[in-house]
Amino acid sequence: MTDLTAFRAQTHAWLEANCPPVMRTWMPEDEQVAGGKRAEYVRPEQKIWLDRMAAKGWTAPTWPKKYGGGGLSGDEALILEEEMQDLGCRIPLRGMGLSMLGPTLLEYGTEEQRQTHIPKIVTGEIRWCQGYSEPGSGSDLASLSTRAVLQGEHYLVNGHKIWTSNAHLSDWIFCLVRTDPTVKKHDGISFLLIDMDDPGVRPRPIKLISGKSVFCETFFENVQVPASHLVGQLNKGWTIAKRLLEHERKGIGGIGARQAAKFEIPPETVAKMHVGEVDGKIAEPILRDHIAAYSMDAQAFQLTRRRAAEEAESGAPPGPLSAMFKYYATELNKRRYEMLLEGEGFQGLGWEGEGFSDDELRFTREWLRSKANSIEGGTSEIQLNIIAKRVLGLPD
Amino acid sequence: MALILSEDAIMVRDTALDFFRERSPITALRKLRDDNDPDGFSRSLWRQMAELGWTGFLVAEDQGGSGFGVTGLGQVMEAAGRTLAATPLLSTGLLGASLLDLAGSAEQKDEHLPPLVAGERLFALALEETSRHAPYRIATTAVADGTSYRLSGNKRFVLDGHVADVLIVAARTSGAVGDRDGITLFLVPADAPGVSRTRTIMVDSRNAAIIRLDNTPATVLGRIGGGADVLDVVLDRARACLAAEMLGSSAEAFDRTLQYLKDRKQFGVQIGSFQALKHRAAQMFCEIEVTRSSVLAALSALDEQANDAAALASLAKAKANDTIFLCGNEGVQIHGGIGMTDEHEIGFFMKRARVAQATFGDAAFHRDRYAGLMGY
Ligand SMILES: Cc1cc2nc3c(=O)[nH]c(=O)nc-3n(C[C@H](O)[C@H](O)[C@H](O)COP(=O)(O)OP(=O)(O)OC[C@H]3O[C@@H](n4cnc5c(N)ncnc54)[C@H](O)[C@@H]3O)c2cc1C
């Protein structure tokens with residue numbers, strides 16, 4: 001206990017000394033750092049902050065030191081997160097390397113793959129994207145048809161991925177490919193790491209309802225991938241794919257519990273600003289009731305995440321709780337934006353230009369973005385299927 | 001605030017689960033109902049509960065209790081909710097014990113708490129006067145009469161009102177109906193002059209009564225005009241523990257429904273293979289889990305007297321209300337025709353749900369209160 005108290009004090013002091021003041025402010029979406037060779041920094045402090053954190057391994061606090069991670073225990077990592085939250089420190093680096101591929105390689109990668117890829121994920125040198133979905137294979141992911149054929153020392157890859165987030169900004173892609181079309185669909189899939197610099201890989205950005213282009217169609221034409229880039233065994237990729245999805249869902253399920261919480265504007269504040277107040281209450285009683293209902297569900301959910309963490313810490317076997325996180329968190333986040341827009345009234349309806357504040361325009365775009373939460377990483381319907389089957393044991 | 005139970009609390013929970021399953025299954029409630037039992041609960045069951053120490057969880061050790069706390073009592077309530085056990089635990093073990101413990105004078109405690117803990121004296125809180133929970137909407141008058149007072153007014157939905165030996169009455173010594181200030185609590189022996197009690201037969205087969213007071217002599221419990229301070233704390237305990245009971249009932253209704261989804265076959269398959277039903281089951285699971293977290297947080301915050309205890313009590317009760325409504329109604333729907341029969345037990349859960357929802361604040365009441373406590 002005293003060790004942890006000391007760790008907290010040291011961490012606090014280090015953050016105080018090393019986190020540049022502008023990195024302790026609210027982080028607009030275009031200032032999120034995802035690293036990679038094509039990274040562009042709006043401010044020099046973003047890079048300074050990233051490099052300082054990466055040098056301590058604190059971009060990946062619990063990963064082993066020998067791969068550049070922070071080597072922290074779960075308790076220590078929680079303290080780091082709390083202290084960062086307390087000071088309002090921005091998350092120095094995010095991305096699919098940190099949230100999905102890294103943990104997967106630590107579990108399934110060869111020593112060489114770990115040595116090659118993990119340190120560059122920690123420092124943000126290489127940015128990764130996820131090549132799972134295809135035009136014909138979304139929820140039914142295992143039906144995917146991108147082909148990889150072993151030819152001597154290489155796999156020859158041909159196919160078409162879609163909804164590949166940030167493919168046009170990424171350096172490498174982890175891909176699910178079909179290596180055996182003759183067996184049951186789950187038994188012929190492999191997990192490949194592919195360098196996006198190969199001339200046969202072509203990402204094409206797609207415009208979203210929010211006006212942004214954060215995902216792509218990605219085409220593979222006679223791409224040659226060294227056989228050593230296969231993760232796990234040939235045709236055993238589905239198990240790895242599912243494990244990675246668990247990491248992805250855990251990440252998406254964490255929406256709302258982020259560091260940004262300190263700067264977040266709650267729906268009740270927005271509502272008071274726009275509809276006014278009577279005796280300290282939001283002047284519109286029905287809106288007030290809706291916001292209270294949302295906020296109470298949000299608190300109940302946060303308590304549930306905390307309970308799961310306490311259960312895990314107490315050494316209890318992992319319970320069924322985590323299965324609900326992705327579903328519940330994403331549905332809540334969508335509701336949060338509905339509440340923000342409802343509170344804003346006309347001011348929540350702007351697309352761009354005059355007549356609206358930056359926050360108002362931002363909320364509208366984020367409202368649109370939030371709709372993807374219950375689609376990406378497995379839809380809400382698929383999450384409910386998973387709960388019904390795995391937790392409740394209901395028949396197929 | 002702890003969201004996992006201590007070993008002691010787990011032991012209490014397990015003991016209580018076995019106890020109610022064995023000695024007070026739903027058939028016991030059905031029998032009380034069908035026999036028109038004059039008490040509406042089993043006195044021998046209540047004595048056994050007292051022997052297990054549950055009546056003393058909110059009473060200090062020097063009065064014969066254990067002071068084990070709200071979280072512990074919540075575990076017993078949750079277990080009782082599993083079998084819809086009808087007992088005076090809420091009216092006497094929680095409301096009576098807490099009000100006396102927090103507001104009673106030394107003499108009042110000496111007089112009432114030992115027999116309460118022993119399971120020999122029953123209490124009821126006479127609070128509500130309107131058609132829904134409104135703790136400050138008190139019109140019952142209290143007029144000074146020498147050193148004591150005389151009460152006049154009408155009380156309704158008094159839980160265990162017709163079996164209580166002592167009534168704890170909220171009456172107005174000053175201020176207007178709806179004011180938080182000016183409410184005073186009084187002790188009134190149930191057989192005092194001017195008290196008339198009418199048992200009301202409720203849809204959930206549990207006890208409640210209408211109580212009329214006509215110039216009834218009463219002694220003050222606690223501070224004159226400051227009754228709301230004690231009431232607020234005690235009602236929050238009641239809300240959190242009732243939420244725990246409702247959580248138990250929700251989980252039991254859900255478990256039974258889940259089993260039915262696996263047992264019942266139509267179109268040659270188990271009905272649990274239909275996705276329209278699977279998704280609803282998965283949603284019930286989620287709601288039960290977030291309700292459980294809210295209940296644990298509220299119980300623990302009340303034991304610690306944390307600043308956010310009131311908001312968490314409202315959170316727990318509001319979530320428990322929504323969840324028991326969901327599980328009760330889906331329970332009946334998913335059982336189909338058999339769910340509508342009196343012979344099947346699933347309907348008991350939906351009936352209990354409706355009454356428990358209205359007790360100490362429906363979901364709208366608690367959303368309003370939560371928003372107020374949060375500053376909007
Ligand atoms: C913003 C965003 C970013 C994304 N990023 C990536 C990425 O980086 N890499 C990547 O590989 N993919 C990515 N995706 C793709 C995402 O994983 C898929 O969109 C998702 O899995 C759903 O597949 P689909 O779009 O083909 O929809 P479909 O599977 O066609 O689903 C259509 C509808 O049918 C429902 N449905 C389907 N099957 C069932 C079933 N069995 N039971 C009940 N309902 C069902 C779905 O819930 C949905 O409502 C991203 C998606 C979004 C929106």
Side-chain angles (χ1 to χ4, degrees), chain A residues 266-272 277 279-283 285 287-314 316 319-321 323-325 327-328 331-332 343 380-381 383-396, chain B residues 1-5 7 254-255 257-259 261-262 265 269-275 277-298 300-301 308 311-312 314-320 322-323 363-364 366-376:
Chain A
E268 56 268 23
T269 307
V270 170
K272 273 188 176 181
E277 48 186 294
D279 299 334
K281 297 178 181 179
I282 297 166
L287 176 62
R288 177 173 178 263
D289 185 62
H290 286 178
I291 289 178
Y294 157 73
S295 302
M296 293 169 89
D297 282 347
Q299 188 179 10
F301 178 63
Q302 257 176 32
L303 289 166
T304 305
R305 292 179 61 87
R306 210 173 117 183
R307 176 158 70 91
E310 283 184 25
E311 282 172 6
E313 246 167 76
S314 77
L321 277 182
M324 64 171 279
F325 288 166
Y327 166 71
Y328 216 88
E331 294 298 331
L332 270 176
S380 280
E381 289 76 19
Q383 301 311 307
L384 292 173
N385 286 350
I386 293 174
I387 295 170
K389 181 172 175 161
R390 303 227 190 293
V391 181
L392 305 180
L394 288 171
D396 280 331
Chain B
M1 188 207 311
L3 296 170
I4 47 178
L5 295 171
E7 269 171 38
F254 175 64
D255 288 351
T257 304
L258 189 59
Q259 193 55 51
L261 283 165
K262 295 174 184 175
K265 283 194 175 159
V269 295
Q270 292 155 288
I271 59 169
S273 64
F274 302 140
Q275 199 179 54
L277 302 186
K278 275 187 188 170
H279 282 191
R280 282 149 68 181
Q283 273 158 341
M284 280 188 264
F285 164 79
C286 293
E287 291 306 321
I288 288 170
E289 290 306 325
V290 299
T291 301
R292 180 175 300 285
S293 313
S294 310
V295 167
L296 286 166
S300 151
D308 56 354
L312 286 169
S314 275
L315 175 67
K317 183 63 172 46
K319 285 307 299 174
D322 291 345
T323 299
H366 285 292
R367 287 196 297 270
D368 174 59
R369 181 165 182 260
Y370 182 92
L373 289 166
M374 291 295 170
Y376 61 92

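Note on naming: letters A, B, ... go to the chains in the order of the sequence lines (proteins, then strands), and numbering restarts at 1 for each one.
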Got A:E313 and B:I4 here, is their nearest side-chain heavy-atom distance under 4.5 Å? no
Contact summary for B:S294 and A:L303, nearest pair of heavy atoms: CA-CD1, 4.2 Å
Looking only at heavy atoms, the pair that brings B:S293 and A:R307 closest together is OG-NE, 3.0 Å
Given heavy-atom pairs under 4.5 angstrom as the criterion, report whether the side chain, backbone, both or neither of A:Q383 touches chain B. neither
For a quick test of reading the model, state the closest non-hydrogen atom pair linking B:Y376 to A:A292 and the distance between them. OH-CA, 3.5 Å
What is the distance from atom CZ of A:R306 to atom CG of B:L3, rounded to the nearest 0.5 Å? 5.0 Å
So for A:S295, is it side chain, backbone, both, or neither that comes closer than 4.5 Å to the heavy atoms of chain B? both
Looking only at heavy atoms, the pair that brings B:H279 and A:L384 closest together is CD2-CB, 3.5 Å
Do A:L394 and B:L277 touch side chain to side chain, with heavy atoms closer than 4.5 Å? no
What part of A:I386 is in contact with chain B, defined as an atom under 4.5 angstrom from a non-hydrogen atom: side chain, backbone, both or neither? neither
Does one side chain, of A:Y328 or B:E289, offer a donor that lies under 3.5 Å from an acceptor on the other? no
Rounded at 0.5 Å granularity, tell me how far NZ in B:K319 sits from CE in A:M296. 8.5 Å
Contacting region of A:K281 [heavy-atom separation from chain B under 4.5 Å]: both
Heavy-atom cut-off 4.5 Å, strictly under: side chain, backbone, both or neither for B:K278 against chain A? both
Is it the side chain or the backbone of B:A371 that comes within 4.5 Å of chain A heavy atoms, both, or neither? both
Looking only at A:Q299, A:E311, A:E277, most heavy-atom pairs under 4.5 Å shared with chain B are made by A:Q299
Which atoms of B:L296 approach chain A - backbone, side chain, both or neither, heavy atom under 4.5 Å: side chain
Within-4.5 Å side-chain heavy-atom neighbours: B:L261 and A:L392: no
Give the member of B:C286, B:A281, B:A2 that has the highest number of heavy-atom pairs under 4.5 Å with chain A. B:C286
Nearest heavy-atom contact between B:G372 and A:R288 is N-NH2, 3.4 Å
Identify the two heavy atoms, one from B:F285 and one from A:I387, that lie closest to each other, and give their separation to 0.1 Å. CD2-CG2, 3.7 Å
Proximity breakdown for A:N385 and chain B, heavy-atom pairs closer than 4.5 Å: both
